[in-house]
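These notes concern the structure reproduced below.
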Amino acid sequence: MRQSVKAFVMQDIPLYHNLVMKHIPGADPELVLLNHYYEELDRIALSDMTRSEINELLEKLGFYKKAQPEDEVPEELRFAPAKDSPFKDDRPLKSSMSTVDTENASSESNPEVKHTDL
């Protein structure tokens with residue numbers, strides 16, 4: 001894994017709301033966009049991107065980035081980047097959560113990272 005991707009995983013992921021890292025040994029790092037129902041919407045390869053390019057991508061996708069990992073998320077951005085609440089009857093088209101699959105990074109240093117099989 002490129003150093004810039006590893007730096008993003010270790011230093012930036014904890015700042016993003018609704019962004020979860022899932023470590024998959026041997027897999028190339030990619031951003032997997034999911035909707036509220038955990039249905040895959042898109043996959044974006046991160047291997048050839050720089051740390052700043054990944055951050056720019058997440059900003060364009062509408063992810064909320066906190067200044068510090070422990071900062072509160074504003075109520076209006078709780079479902080970001082989704083534009084709708086997941087509790088409506090109709091299925092939203094925007095993603096509500098994403099995972100970053102990585103090869104040589106670990107989320108063990110962040111005990112609040114949720115580990116779910118998606």
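Keep in mind that the numbers below use all heavy atoms, side chains included, and drop hydrogens, waters and symmetry copies. Values in this document were obtained by computation on a predicted structure and should not be read as measured data.
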Query raised in the report: In terms of hydrophobic clusters joined by side-chain contacts under 4.5 Å, are L57 and L77 together?
Result: no
Return a table of donor-acceptor pairs under 3.5 angstrom between the side chains of residues 42-51 and protein atoms on other chains or two or more places apart.
{"residue": "R43", "atom": "NE", "partner": "E40", "partner atom": "OE1", "Å": "3.1"}
{"residue": "R43", "atom": "NE", "partner": "E40", "partner atom": "OE2", "Å": "2.9"}
{"residue": "R43", "atom": "NH1", "partner": "E30", "partner atom": "OE2", "Å": "2.2"}
{"residue": "R43", "atom": "NH2", "partner": "E40", "partner atom": "OE1", "Å": "3.1"}
{"residue": "T50", "atom": "OG1", "partner": "S52", "partner atom": "OG", "Å": "3.2"}
{"residue": "T50", "atom": "OG1", "partner": "E53", "partner atom": "N", "Å": "3.1"}
{"residue": "T50", "atom": "OG1", "partner": "E53", "partner atom": "OE1", "Å": "3.4"}
{"residue": "R51", "atom": "NE", "partner": "D12", "partner atom": "OD2", "Å": "2.8"}
{"residue": "R51", "atom": "NH1", "partner": "Q11", "partner atom": "OE1", "Å": "3.1"}
{"residue": "R51", "atom": "NH2", "partner": "Q11", "partner atom": "OE1", "Å": "3.0"}
{"residue": "R51", "atom": "NH2", "partner": "D12", "partner atom": "OD1", "Å": "2.9"}

**Report entry** Co-membership, hydrophobic cluster, residues M10 and L58, 4.5 Å side-chain
**Finding:** yes
Query - Single-linkage hydrophobic cluster, 4.5 Å side-chain cutoff, L19 and L15 together - result: no
Query raised in the report: Are F8 and L33 co-members of a hydrophobic cluster defined by side-chain heavy atoms under 4.5 Å apart?
Result: yes
Would you mind writing out the side-chain donor-acceptor pairs for residues 59-74 within the sub-3.5 Å range, not counting sequence neighbours?
{"residue": "K65", "atom": "NZ", "partner": "N55", "partner atom": "OD1", "Å": "3.2"}
{"residue": "K66", "atom": "NZ", "partner": "P69", "partner atom": "O", "Å": "2.9"}
{"residue": "D71", "atom": "OD2", "partner": "Q68", "partner atom": "N", "Å": "3.0"}

